[in-house]
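A short write-up of the structure that comes next.
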Amino acid sequence: MLNAAGGEVWVGLRENDGTAVAIDPIDDVERAERSLWDHLIETIEPRLGEEVAIEAVPVEDGSQSVLRIRVSNEPGRRVYSYTRKGARYFGRRVGARLRMLSYDEIFGSSIQRSDDQIATIEKKWDAELEGMLKAKSSTLWLRLQPLGEVELDFPSHREVAPYFMETERTGNRLTGWTFVDPHQRPIPRSGRVVHGVPDGRQTIVSRNGVITFTVPIEFLHWKGPERSLWPYALIEFPVSIWRLAAAFYRTARVAQAGPVFARMALLSVKGWRLKAGSAGTVAWQFDEKVREYTEDDVIAAKHVADWADATSDNPDRCAYPLIRSVYEAFGFYEADIPREFDREKGLRFPS
Amino acid sequence: MLEEILREQNPWWANAPARAAVDYPIRRDFQRALLNFVHRESRRAILVIGPRQVGKTTALLQILDDLLEQGWPAGNLSYCDFSDDRITERVTPRDVADLVPPSARPDRPRLLLLDEVGRADRWREWLKQAVDTAAVRVVATDSAATLLLDGGVEAGQGRWDELRVSGLTFGEHLRLRARSEESIEQVLRRYPTELLRYLALGGFPEHVFEEELRRSRTRIRSDIADRAIARDLGATGVDVEAVRRLFVYLAADAGAIFSAKERARDLEVDIRSIKAWVARLEEAQLISRLRPRARGAARLRAKPKLYPSDHGLVSAFATSPAPSQDPSVLGRIVETVVCTHLRNAWTPADERLSYFRDHRDRELDFVVDTGSSLVAVEVTSASNVRDEKLRRVREAAKALKATKVFLVHLGFTQSAREGVVLLPLERLLLHPEIVGESRG
């Protein structure tokens, strides 16, 4: 029923050919209710919440009861599974029977569910970005949100600080363009860890796996004329955040694995320039393939990464579509992305 | 021919607003000393000496710009780069001085800025005479290695002052990375791991903006091994291949107590040759010597520690593919960078800076004699200080009778434990004088 349109199940009614014919009251209804809850929680994933309600219904003279299990009807709900003898099953109740779901039903509905989630998330994030734009914030903004159920652990400063203060912990470059700042101590704040300062680079990691990173766009300028984005800074900041995410997610408690939704935005980017190609090539010195972004004040990019990719040894791949979108916004092709950033191999600099 | 070259090298003769160093707006600390010299009422010349690629030429060009901005008559400033490949004939500084542009004002002094003067013919004789006759003021530069060729450095006593310069300090490095009006704190906010970059790159201005560390390491090796050693020192008659190998040993062993005997055995050469080559490398400012803290005759017998003149040389000559991630190489890099910064801050370094080691092998990397007290400075490339390390430092400092003890570490938080100041490397590099202050 969880995977169908909801409904009710009664415990304590005798059935004949799909029709209730008599009452078989339950002796100790409270114990039976507890036991049923324990069983559902142990066998059904993801963990049940308010979508299921169990109540004792008195019968006859009120001295005995049966149990009614109500499953609410919420469109776009996630796909549930249950375990039996160590195996996991995806089933759907059809009348009094149980039918196994097909692959398309399982994953199709998962995708539908993700889309709904993403639409809700995007709406919320858009409002936030609007606010930043109104405040004339010139920022690279990146947020990652697992669509499954994950829980991160922030046990102590000793264990958390290296993620933010040491590049090696997350596999980032010692001298690269990353979120890492050894001068700033991460600070725990009600369910999240905050590292850095709002007008500098700041990373916020929440217990539910949401990671938000901001850095002033001017920090992406290094060499060249003013208001030029240094390509490696543009690439490496997001890559470093995906590496941070991978490091955290690998150690997370995962109630249900799901994709990771990412959104990146360059706010107040109008008038900034980007040069195509790799600064490590001779052509860079002579090639004048520079484009100025004149269209709008925002470049936005999004990507939904598989959980497996986001937690793999090479999470850089998850940043690639975001970077490609930025290059496209500047009117460049994929081939104009610096060669150091490979779609499959990730970001690799000569040591 | 020379006249045409000089016209090109001195565009302000024909076009007064022309400037030489517009691409290099940031001044190194020693540039101020050079400007002060130019404004001083003295006939003496000044010779800027240093290893290759530390910014001597840039400083010269910046002086030109500064003087032009201050209203110095453009025709009274003559610049000559003797390393210009188009200068094929033997040219003396006199030839340069004799070319007086029409815009020169006879009522105002003339200043000659001679770059790589060691390549000029009979430059010492001319410079002595120029100083004696007060014909012109002279600022000249050259690499220390080149000047060894004819003993030029010693010949100038009474006629010219030497200004010995070395690689960028960390503060200078950050200023090069800064935008206009930006403070060092703001630069560190933009580039929070810049210290690590500086440690990996060294203090060579040319590489401050290098993205690929491997490329800068290759170029530094080439500058030192192929030019400073092979070309410059080679011209003095040393065995180039042996000196190159010796230098690689010394860079790999930065901060080790030097044993000429062992090095002679390693390189299969005579011990006297080793001593002579080390002296040459030192005169060429490729290495520096740190004497042990000792008195009287013991001081003469004691063995020094040798450091490359810049920590970038440790990184460049390391065999490890990622030196700053190799703990043993990183340790040597950190010790070397502390050495160069303390040397700059506590002069004369030969008198004020030493290391400590006693008969019970209690050791301290550096001892600073502030004039009124002895300060112990120990260095670790770790971010966290272990108790055992702290205990050994305290014991050694007690044996030295140090009044203050610093343990410099790679972390970013300053604290004190059991009488030892745990000082972040970044702080020491930005304020090396801190070890002599009453509060650490």
Side-chain angles (χ1 to χ4, degrees), chain A residues 157-158 161-162 164-185 195-203 215-227 230-233 235-237 240 278-282 284 338-340 347-351, chain B residues 23 173-174 176-180 182 184-202 207-218 315 318-327 329-330 333 381-384 409-415 424-427 430:
Chain A
H157 176 78
R158 189 191 172 93
F164 300 95
M165 299 174 75
E166 297 170 11
T167 50
E168 306 92 308
R169 179 66 185 82
T170 49
N172 278 298
R173 264 201 314 167
L174 205 61
T175 56
W177 310 93
T178 71
F179 64 90
V180 176
D181 185 345
H183 300 84
Q184 304 283 341
R185 290 162 67 89
H195 176 248
V197 288
D199 58 341
R201 60 194 71 181
Q202 187 177 58
T203 312
V215 62
I217 288 188
E218 65 174 274
F219 282 26
L220 276 66
H221 170 71
W222 190 38
K223 286 194 272 196
E226 279 188 26
R227 292 171 77 79
W230 182 244
Y232 301 120
I235 293 168
E236 200 171 2
F237 275 126
S240 76
S278 166
T281 59
V282 175
W284 174 271
R339 62 183 180 183
E340 290 84 354
L347 183 60
R348 298 285 178 273
F349 288 101
S351 55
Chain B
D23 291 337
H173 173 98
L174 291 178
L176 277 179
R177 298 293 305 266
R179 297 173 188 160
S180 61
E182 198 174 41
I184 278 179
E185 289 71 28
Q186 287 169 315
V187 179
L188 282 173
R189 182 177 277 197
R190 270 198 300 131
Y191 307 119
T193 56
E194 195 59 18
L195 172 65
L196 304 173
R197 242 177 76 80
Y198 173 69
L199 291 179
L201 282 168
H207 304 294
V208 166
F209 289 96
E210 179 58 66
E211 180 79 56
E212 281 188 31
L213 300 181
R214 189 177 57 178
R215 193 158 50 200
S216 66
R217 291 175 62 211
T218 307
S315 173
T319 50
S320 170
S324 45
Q325 288 170 50
D326 179 330
V329 182
L330 180 62
I333 291 173
S381 57
S383 303
N384 300 307
H409 60 89
L410 257 184
F412 289 87
T413 309
Q414 182 170 337
S415 59
L425 175 66
E426 187 175 274
R427 181 133 201 258
L430 291 174

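We name chains A, B, ... by the order of the sequence lines, and we start the count at 1 in each one.
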Task: Member of B:R177, B:R189, B:R190 meeting the side chain to side chain donor-acceptor pair (under 3.5 Å) criterion with B:E182 - done: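 Answer to the side chain to side chain donor-acceptor pair (under 3.5 Å) test with B:E182 among B:R177, B:R189, B:R190: B:R190.
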
[X] versus chain A, heavy atoms under 4.5 Å apart: side chain, backbone, both or neither?
X: B:S383; answer: neither
X: B:Y198; answer: neither
X: B:E426; answer: side chain

Open item on the list: Please check this pair: side chain of B:R217 against backbone of B:A318, looking for a donor-acceptor N/O pair closer than 3.5 Å.
Closed with: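 Yes, the answer is positive, given that a donor and an acceptor are paired below the 3.5 Å cut-off.
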
Name the member of [options] that forms the most heavy-atom pairs with chain A at distances under 4.5 Å.
options: B:L188, B:T413, B:L196, B:L195; answer: B:L196
options: B:Q325, B:R179, B:Q186; answer: B:R179
options: B:P323, B:P424, B:A200, B:P192; answer: B:P192

Open item on the list: Would you say the rings of B:Y191 and A:F219 are close, in the sense that their centroids are separated by under 6.0 Å?
Closed with: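 No, the ring of A:F219 stays outside the 6.0 Å limit from the ring of B:Y191, centre to centre.
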
Open item on the list: Tell me whether A:E166 is salt-bridged to A:R169, with the criterion being a basic N under 4.0 Å from an acidic carboxylate O.
Closed with: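 Salt bridge: no.
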
Open item on the list: Please verify the inter-ring angle class for B:F209 with A:W222; under 30° counts as parallel, over 60° as perpendicular, anything in between as tilted.
Closed with: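 Correct class here is tilted.
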
Task: Option in A:G196, A:P182, A:A279, A:G176 with maximal non-hydrogen atom pairs under 4.5 Å from chain B - done: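 Most heavy-atom pairs under 4.5 Å with chain B: A:P182.
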
Task: Pairs of heavy atoms under 4.5 Å with chain B: top-ranked of A:Q184, A:M165, A:K223 - done: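 Going by pairs under 4.5 Å, I would pick A:K223.
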
Open item on the list: Is A:V197 close to chain B through its backbone or its side chain, or both, or neither, when contacts mean heavy atoms under 4.5 Å?
Closed with: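 A:V197 touches chain B through side-chain heavy atoms alone.
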
- [ ] Show the numbers, then the answer: is there a side-chain hydrogen bond (donor to acceptor under 3.5 Å, both in side chains) between A:T178 and A:E236?
- [x] CA-CA 6 Å; A:T178 71; A:E236 200 171 2; over 6 Å; no

TODO: Work out which heavy atom in A:S278 is nearest to a heavy atom in A:E340; give both atom names and the distance.
DONE: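 Heavy atoms of A:S278 and A:E340 come nearest at OG-OE2, 2.8 Å.
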
